[in-house]
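Worksheet: the structure to be examined is printed underneath.
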There are 2 protein chains.
Amino acid sequence: MPSDLGTPAQPGSRIWYNCALAVDIVLLTIRHDQLYVLLINRSAPQAGQLALPGGFVLPDEDLQDAALRELGDETSLQVAIRHLEQLKTYGRPGRDPRGRVISVAYLVITPDLPEPRPGTDAIGARWHPVPQLLDRPGSLAFDHDTILADGVERARAKLEYTTLAAAFCQDDFTVAELRRIYEIVWATRLDPRNFHRKLTSTDFLEPTGQTTTRDGGRPAALYRVREDAAGIMNPPLLRKAD
Amino acid sequence: MPSDLGTPAQPGSRIWYNCALAVDIVLLTIRHDQLYVLLINRSAPQAGQLALPGGFVLPDEDLQDAALRELGDETSLQVAIRHLEQLKTYGRPGRDPRGRVISVAYLVITPDLPEPRPGTDAIGARWHPVPQLLDRPGSLAFDHDTILADGVERARAKLEYTTLAAAFCQDDFTVAELRRIYEIVWATRLDPRNFHRKLTSTDFLEPTGQTTTRDGGRPAALYRVREDAAGIMNPPLLRKAD
DNA sequence: CCAAAAGTGTTTGATTTACACCCATGG
DNA sequence: CCATGGGTGTAAATCAAACACTTTTGG
């Protein structure tokens with residue numbers, strides 16, 4: 001019985017346990033009019049390098065539960081999670097120097113958080129602006145550069161035909177705040193007047209009846225996401241230019 | 001050292017191998033004007049049941065390589081593969097009675113094959129019509145019903161904004177043949193005249209100069225996919241009705 | 001000649017875009 | 001009153017849907 005096959009799952013089993021299973025989380029938010037991602041400072045291997053939060057899946061733990069647990073351990077903000085989806089799985093041999101580690105990546109979106117730094121524990125989770133990280137490949141440990149790029153690309157694509165943008169917003173938000181999400185994630189400009197008309201004509205925004213002047217100027221109506229709104233919009237909400 | 005953590009990856013390692021890694025393949029094609037999926041008859045557990053082709057990833061083997069290898073082992077048609085992408089990862093504890101098995105699913109598209117049955121080996125890989133399978137949950141082993149449904153849904157979605165439909169076609173194809181792909185996968189009818197105008201106005205079809213009368217009637221121009229065509233079309237090629 | 005499918009033209013309505021203009025607040 | 005952003009109206013351009021009509025083959 002060759003040892004590089006690992007160990008039998010059960011005594012006499014015909015299958016072998018020969019890899020370690022991890023989850024990594026791409027947690028995106030918008031602050032200071034920029035896209036930010038939550039990163040930790042690694043200790044074990046690749047010490048001192050920045051990395052996505054994540055960790056090993058427990059025996060008998062579901063993948064998504066593991067992602068939520070790791071996020072809670074390393075930060076402390078699971079309350080505000082508005083969106084969580086499986087992103088992609090990374091399993092290239094050699095991606096982790098410790099052995100065969102395969103990592104299921106999750107994409108998580110939250111609104112900007114009141115506290116500047118969530119999870120002020122030893123690991124030191126902090127927000128980092130995304131554009132700079134994408135400009136400098138090699139700034140993250142393991143293959144986390146690739147995972148981050150894939151996560152951002154997924155978020156960009158989903159703004160077009162889902163209600164994902166609202167996951168970056170507080171419970172109640174103005175149309176202009178929602179528009180800023182699109183403008184920042186797509187790095188583009190959108191006509192405020194046409195955007196307003198288009199978004200208020202869909203059935204995914206529900207007026208709260210309140211208004212706010214927090215953005216200056218004339219008071220803006222506040223909206224929330226309709227409870228029964230489908231996540232996927234057909235036709236697409238907006239089209240990203242080439 | 002609790003045994004349910006698995007075994008250390010290396011002597012003295014701080015990580016444990018505690019799961020088995022598999023790939024499963026959703027291989028779709030169109031034949032007899034219907035969507036078909038390639039299934040095998042299981043032997044080991046769930047014997048006699050139908051299942052997606054797949055198997056365990058070898059140590060030091062990349063995930064995508066494993067998918068291609070398993071496809072080659074159980075069928076024998078890797079030549080015709082036009083599209084391969086990672087679909088999703090399934091890791092619910094208990095999804096496999098043999099232990100903790102996590103499976104990375106791949107979606108593969110091929111054109112209709114000359115031979116009625118690819119891979120006439122012991123395992124007995126055969127084409128099965130998709131609609132009947134989706135109508136009867138429980139017809140596949142493990143959680144392969146879910147995986148198949150996710151694969152079909154991915155293919156449906158991607159027809160809308162990518163050139164994926166051409167992956168179901170032979171090298172050279174007519175506009176009408178391409179239209180049949182859409183009609184079958186979306187279970188809808190498309191106006192042949194508007195479809196023709198729309199598709200020939202994109203830059204992803206390249207006329208071969210040849211014509212064919214294989215569909216009857218007036219000879220139709222043959223096209224192939226342009227070498228340098230981007231896979232993603234913006235604006236979307238066609239919109240699927242609600 | 002007829003049936004069948006390819007392919008073009010045209011009309012109509014919907015959607016998108018650009019931008020003029022008015023509204024309601026804070027300072 | 002004025003600067004600031006919220007919000008509505010409208011005309012032009014673009015796109016989508018429906019369908020009349022012509023073209024080119026096989027039988």
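Residue numbers begin at 1 in each chain, while the letters A, B, ... track the order of the sequences. Side chains included, hydrogens not; waters and symmetry mates left out as well; all remaining heavy atoms used.
Nucleic acid contact class of B/Asp191 (heavy atoms, under 4.0 Å, all strands): base. Using a 4.0 Å heavy-atom criterion, one finds that B/Arg214 contacts no nucleic acid atom at all.
Figure legend: cation-pi geometry between A/Arg226 and A/Phe204 absent, as NZ or CZ is not positioned both under 6.0 Å from the six-membered ring centre and within 45° of its axis.
We find that CG of A/Leu190 is positioned 15 Å from P of C/dC19, with the value rounded to whole Å. Between the C1' atom of C/dA5 and the CD atom of B/Glu177 lies a distance of 12 Å, rounded to the nearest Å. Atom CZ of A/Arg239 and atom C1' of D/dA16 are 11 Å apart (whole Å). Distance CZ (A/Phe173) to P (D/dG6): 14 Å, rounded to an integer number of Å. Going from atom NZ of A/Lys198 over to atom P of C/dA18 covers 14 Å, rounded to whole Å. Between the P atom of D/dC19 and the CZ atom of B/Arg189 lies a distance of 16 Å, rounded to the nearest Å. Nucleotide D/dA17 holds its P atom 13 Å from the CG atom of B/Leu199, rounded to whole Å. If you take CG of B/Leu222 and C1' of C/dG7, they are 15 Å apart, rounded to a whole angstrom.
Looking at B/Gln34, its side chain never comes within 3.5 Å of a backbone N or O of B/Arg31 through a donor-acceptor pair. Formation of a donor-acceptor pair under 3.5 Å by the B/Gln49 side chain with backbone atoms of B/Arg42 is not found in this model. A distance-only check finds a donor-acceptor pair linking the side chain of A/Arg154 to the backbone of A/Leu87 [under 3.5 Å]. Checked by atom type and distance alone, the side chain of A/Asp143 never pairs as donor or acceptor with a backbone atom of A/Tyr90 at under 3.5 Å.
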For nucleotides 24-27 of chain D, which of its nitrogen or oxygen atoms have a protein nitrogen or oxygen under 3.5 Å away, and what is each distance?
unit_1: D/dT24; atom_1: O2; unit_2: B/Arg218; atom_2: N; d: 3.4

Dump the pairs, protein N or O against N or O of nucleotides 9-12 of chain C, anything under 3.5 Å, distances to one decimal.
unit_1: C/dG9; atom_1: N7; unit_2: B/Arg197; atom_2: NH1; d: 3.1
unit_1: C/dG9; atom_1: O6; unit_2: B/Arg197; atom_2: NH2; d: 2.8

**Request:** Dump the intermediate steps for side-chain contact (heavy atoms from CB on, under 4.5 Å) on B/Asp145 and B/Leu133, then the final yes or no.
**Result:** CA-CA 8 Å; B/Asp145 287 301; B/Leu133 294 167; 5.8 Å; no
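A salt bridge does not link B/Asp24 to B/Lys88: none of the charged side-chain nitrogens sits closer than 4.0 Å to a carboxylate oxygen.
Smallest separation of non-hydrogen atoms from A/Asp135 and A/Pro137: O-CD, 3.2 Å. Considering every non-hydrogen atom in both B/Glu74 and B/Pro53, the closest pair reads OE1-CB, 2.9 Å.
Taking a 4.0 Å limit (strictly below) on heavy-atom distances, residues 201-210 of chain B does not reach DNA chain D anywhere.
Within the 4.0 Å cut-off from OP1 or OP2 of D/dG6, not a single side-chain nitrogen or oxygen of A/His196 is found.
No side-chain donor from either of B/Thr29 and B/Asp112 sits under 3.5 Å from a side-chain acceptor of the other.
Ring-plane geometry between A/Trp186 and A/Tyr182 is classed as perpendicular, the angle between the planes exceeding 60 degrees on a 0 to 90 degree scale with a lower cut at 30.
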